[in-house]
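All values reported here derive from a predicted model rather than from experimental measurement. Just so it is clear, the values below take in all heavy atoms, side chains as well, and ignore hydrogens, waters and symmetry mates.
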Amino acid sequence: MYFDSVLTAWSHFNKGLTEEGNDLRNALSCYTEGIEVNCKDDALNAGLYFLRSRIHHRLGEFAPHIHFLF
């Protein structure tokens, strides 16, 4: 079970990287699906969250969410 979830999350991770060059919305979806797998690999999950946040930033969707930080 552990390896199945990690492999599934890696699959979404790699697909997201491929999609970044084509369609940012599809890449965002891939990273979100990878996160939803809930695998136990903390480094992989951190990478998925980082890449998803990077896509939100590239889409200009970050500003409304940071107002509470300041």
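- Nearest heavy atoms, L48 versus I35: CB-CG1, 3.7 Å.
- For Y31 (side chain) and G47 (main-chain N/O), no donor-acceptor pair under 3.5 Å exists by modelled atom type.
- In this structure, L24 CG and R54 CZ are separated by 9.5 Å, a value rounded to the nearest 0.5 Å.
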**OP:** Check the pair V6 / K40 against side-chain contact (heavy atoms from CB on, under 4.5 Å), numbers first and verdict last.
**Re:** CA-CA 7 Å; V6 171; K40 301 297 183 198; 5.9 Å; no

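- In this structure, the separation between CG on D23 and OG1 on T18 is 12.5 Å, given to the nearest 0.5 Å.
- Remark: the E33 side chain and the S29 side chain contain an N/O donor-acceptor pair separated by less than 3.5 Å.
- With hydrophobic clusters built from ILVMFWY side chains whose heavy atoms lie under 4.5 angstrom apart, L7 does not share a cluster with L51.
- With a 4.5 Å cut-off on side-chain heavy atoms, R52 and T32 count as touching.
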**OP:** Give the C-alpha distance, both sets of side-chain angles, the deciding distance and a yes or no for salt bridge (charged side-chain N to carboxylate O under 4.0 Å, His left out) between R25 and E61.
**Re:** CA-CA 12 Å; R25 293 277 175 203; E61 297 175 348; 2.6 Å; yes

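- In this structure, C39 and L44 approach most closely via the heavy-atom pair SG-CD2, 3.8 Å.
- Once rounded to the nearest 0.5 Å, the distance linking NE2 of H12 with SG of C30 reads 7.5 Å.
- The closest donor-acceptor contact from the side chain of N26 to the backbone of G16 lies at 3.5 Å or more, if one exists at all.
- Of the possible donor and acceptor atoms, one in the side chain of T8 sits under 3.5 Å from a partner among the backbone N and O of D4.
- When atom types are taken as modelled, the side chain of N14 and the backbone of W10 share a donor-acceptor pair closer than 3.5 angstrom.
- Linking ILVMFWY residues whenever their side-chain heavy atoms come closer than 4.5 Å, directly or via other members, leaves F13 and V37 in distinct clusters.
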